[in-house]
Amino acid sequence: MRVVILGAGFGGLELATMLSSADESFDVVLIDKSDAFVFGYSKLDVMFGRTTLDAVRLPYAAFARPGVRLLRETVTAIDPEARRVTTEAGVHEADVLVVALGADYDYAATPGLTEFGNEFYSVAGAQRLAGVLPQFTSGRAVVGVCGAPYKCPPAPSEAALLLHDFLLSRGVRDDCEIAIVTSFDTPIPPSPETSQALLAAFEERGIAFLPGCRIRSLGAETVALEDGTELPFDLFLGVPKHRAPDVVLESGMAEDGYIPVSSQTLETRFPGVYAVGDVATAGVPKAGVFSEAAARVVAESLLATVGNGEPPAPFDGRASCYIEFGSGRVGRVDIDFLSGPTRTGSYHAPSAALVEEKRHFGSSRRAKWFGSD
Ligand SMILES: Cc1cc2nc3c(=O)[nH]c(=O)nc-3n(C[C@H](O)[C@H](O)[C@H](O)COP(=O)(O)OP(=O)(O)OC[C@H]3O[C@@H](n4cnc5c(N)ncnc54)[C@H](O)[C@@H]3O)c2cc1C
């Protein structure tokens, strides 16, 4: 079975790894335009100078899996009916096509963001901020969410808490204000307990949480909200509005911005074509752990097909996200969006065990996908 996987992020790497380990029934082509994978959370470490970009880049050259060819090519067109993909290097035909191209950023959707603000969601943006943040010694920092849905819902809260630590360690915290501006009513809407814990952490540190605010644009010194309010800032750390990559929008696969899929099987409406992760609307948040879990369901389904086995259990929309609370503390929220009648998110308070668990989360993926620790 020729499986063509578009995108070597959380979803694509997990799927290719599972099919490779299985048997020789699969001829897998994994395509990505980048030369390295970077964990989303590593961007926070890079921006606050806790590590360097070189230390967290995982070059795709280290991904060596039998039965998988990882090609560095940019996908320029997808024909889901013919299961044919065009890149700048040629054409790839698939028996099974899996779109795992993630979400892109729509910087232009927030006028002024690139001129007057910063963003910490791209690798380049996080690296740029590593140079900007040491120069911020007084004034008002705003962590602003420019649109939802966005990847990793806890990340803006983490950025504010880590900024507090950063400013404290430089002896300038008393000269600075920190505010989080978001359209959500609480930091993590599906988990009231997690939201309470984060709100308590903000209060302890004097971080203002401004809910229900829709950002329209940025000027040189103020954020303009949809309701006409203007909020002053000296430093803007933004979560840009997200959207599916252009090549996906142009393929006719997307509806309302992303690719609709069966929440249970991750199949699209095109036979033999699946979509996993941030590029799809599967009824779960946009986060690497959900992309990975969705990819596992697709892998198990393809394995069952070639092995004449039973189809896998449906995608259950369950995954755990670690949350940096600052001062080296890590908490966790266990999200369950699909297995029960309601969406739930149970909270686990920061502990030494969770610090170790998060470390293991990263090292186990590095070992599984790249053979390194
Ligand atoms: C600051 C921050 C912190 C985060 N923290 C966490 C966390 O703690 N836990 C967690 O689970 N998630 C976290 N995330 C979210 C996580 O990074 C994403 O949700 C996850 O990477 C999505 O996986 P994916 O496989 O769907 O897409 P991606 O990992 O985005 O992979 C998509 C791939 O497609 C490639 N691509 C795109 N367009 C093309 C094209 N035209 N041609 C070829 N290749 C293309 C890209 O290069 C990319 O490698 C965080 C994100 C951020 C920004």
Side-chain angles (χ1 to χ4, degrees), residues 4-16 29-48 56-58 60 63 70-78 85-89 92 98-105 119-126 129 143 145 149-159 162 237-240 242-251 258-259 261 266 275-280 282 284-295 298 319-324 330-333 335 354 357-358 361-362 365 369:
V4 176
I5 306 169
L6 309 182
F10 265 91
L13 287 168
E14 180 71 1
L15 178 57
V29 176
L30 175 59
I31 303 176
D32 204 289
K33 64 183 177 184
S34 303
D35 65 345
F37 174 74
V38 175
F39 284 108
Y41 60 75
S42 297
K43 294 169 192 169
L44 294 170
D45 293 331
V46 168
M47 86 191 245
F48 290 111
V56 295
R57 288 175 86 256
L58 296 164
Y60 286 132
F63 180 93
L70 202 163
L71 305 177
R72 187 174 180 194
E73 294 176 15
T74 299
V75 177
T76 53
I78 305 168
V85 172
T86 308
T87 70
E88 85 281 32
H92 302 274
V98 184
V99 184
L101 290 170
D104 262 354
Y105 304 128
E119 56 83 18
F120 58 96
Y121 260 52
S122 71
V123 170
L129 272 165
V143 177
V145 178
Y150 64 92
K151 299 180 200 186
C152 191
S157 300
E158 294 177 294
L162 295 174
L237 308 178
V239 175
H242 291 28
R243 60 157 192 207
D246 283 340
V247 68
V248 170
L249 299 176
E250 288 156 10
S251 72
Y258 294 97
I259 304 177
V261 290
L266 291 314
V276 297
D278 292 352
V279 77
V284 293
K286 298 199 182 301
V289 282
F290 288 103
S291 306
E292 189 188 56
V298 175
S320 299
C321 295
Y322 300 100
I323 305 176
E324 295 281 343
V330 175
R332 196 182 80 202
V333 56
I335 297 284
L354 288 178
E357 213 181 275
K358 181 177 176 184
F361 174 84
R365 269 70 184 171
W369 297 333

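These values consider heavy atoms only, across backbone and side chains, with no hydrogens, waters or symmetry-generated copies. Atoms within each ligand, like the ligands themselves, are counted from 1 in listed order.
- In this structure, Phe10 has its ring center no closer than 6.0 Å to that of Phe290.
- Looking from atom 43 (C) of ligand 1 to the surrounding protein, the closest heavy atom is Lys33 N, 3.2 Å.
- Residue-level proximity to ligand 1 for Tyr150 is absent, since no heavy atom of it falls below 4.0 angstrom.
- No donor-acceptor distance shorter than 3.5 angstrom exists from the side chain of Glu324 to the backbone of Glu158, with no hydrogens or angles considered.
- Any N or O atom pair closer than 3.5 Å counts here, and Val289 shares at least one such pair with ligand 1.
- Residue Glu73 places a heavy atom under 4.0 Å from ligand 1.
- Contact annotation for Ser291 and ligand 1: only side-chain heavy atoms (C-beta onward) come within less than 4.0 Å of the ligand.
- Residue Ile31 has no N or O atom closer than 3.5 Å to an N or O atom of ligand 1.
- Considering backbone and side-chain N/O of Tyr121, none are found under 3.5 Å from N/O of ligand 1.
- For a threshold of 3.5 Å applied to N or O pairs, the pair formed by Tyr322 and ligand 1 contains no separation below that value.
- The nearest non-hydrogen atom to atom 4 (C) of ligand 1, considering only Ser42, Ala280, Gly40, Gly125, comes from Gly40.
- Counting protein heavy atoms only, atom 12 (N) of ligand 1 is closest to Gly288 N, 3.0 Å.
- Atom 50 (C) of ligand 1 has Cys152 CB, 3.4 Å as its closest protein atom, hydrogens excluded (heavy atom only).
- The closest protein non-hydrogen atom to atom 37 (C) of ligand 1 is Leu101 O, 3.5 Å.
- Close N/O approach between Tyr105 and ligand 1 is not found [any backbone or side-chain N/O within under 3.5 Å].
- The single protein non-hydrogen atom nearest to atom 41 (N) of ligand 1 is Val75 O, 3.2 Å, given as residue, atom name and distance.
- Residue contacts with ligand 1: Ser34 is included, with a non-hydrogen atom under 4.0 Å away.
- Within a 4.0 Å radius of atom 9 (N) of ligand 1, the protein has no heavy atom.
- Residues Val29 and Val85 fail the side-chain proximity criterion, which asks for heavy atoms closer than 4.5 Å.
- Selection from Val46, Asp45, Asp278, Val330 by nearest heavy atom to atom 19 (O) of ligand 1 gives Asp278.
- For atom 48 (C) of ligand 1, the closest non-hydrogen atom on the protein side is Asp32 OD2, 3.3 Å.
- Among the atoms of Phe10, some N or O lies under 3.5 angstrom from an N or O of ligand 1.
- With contacts defined as side-chain heavy-atom distances shorter than 4.5 Å, the pair Val289/Ser320 does not qualify.
- Here's the thing with Gly11: one of its N/O atoms is less than 3.5 angstrom from an N/O atom of ligand 1.
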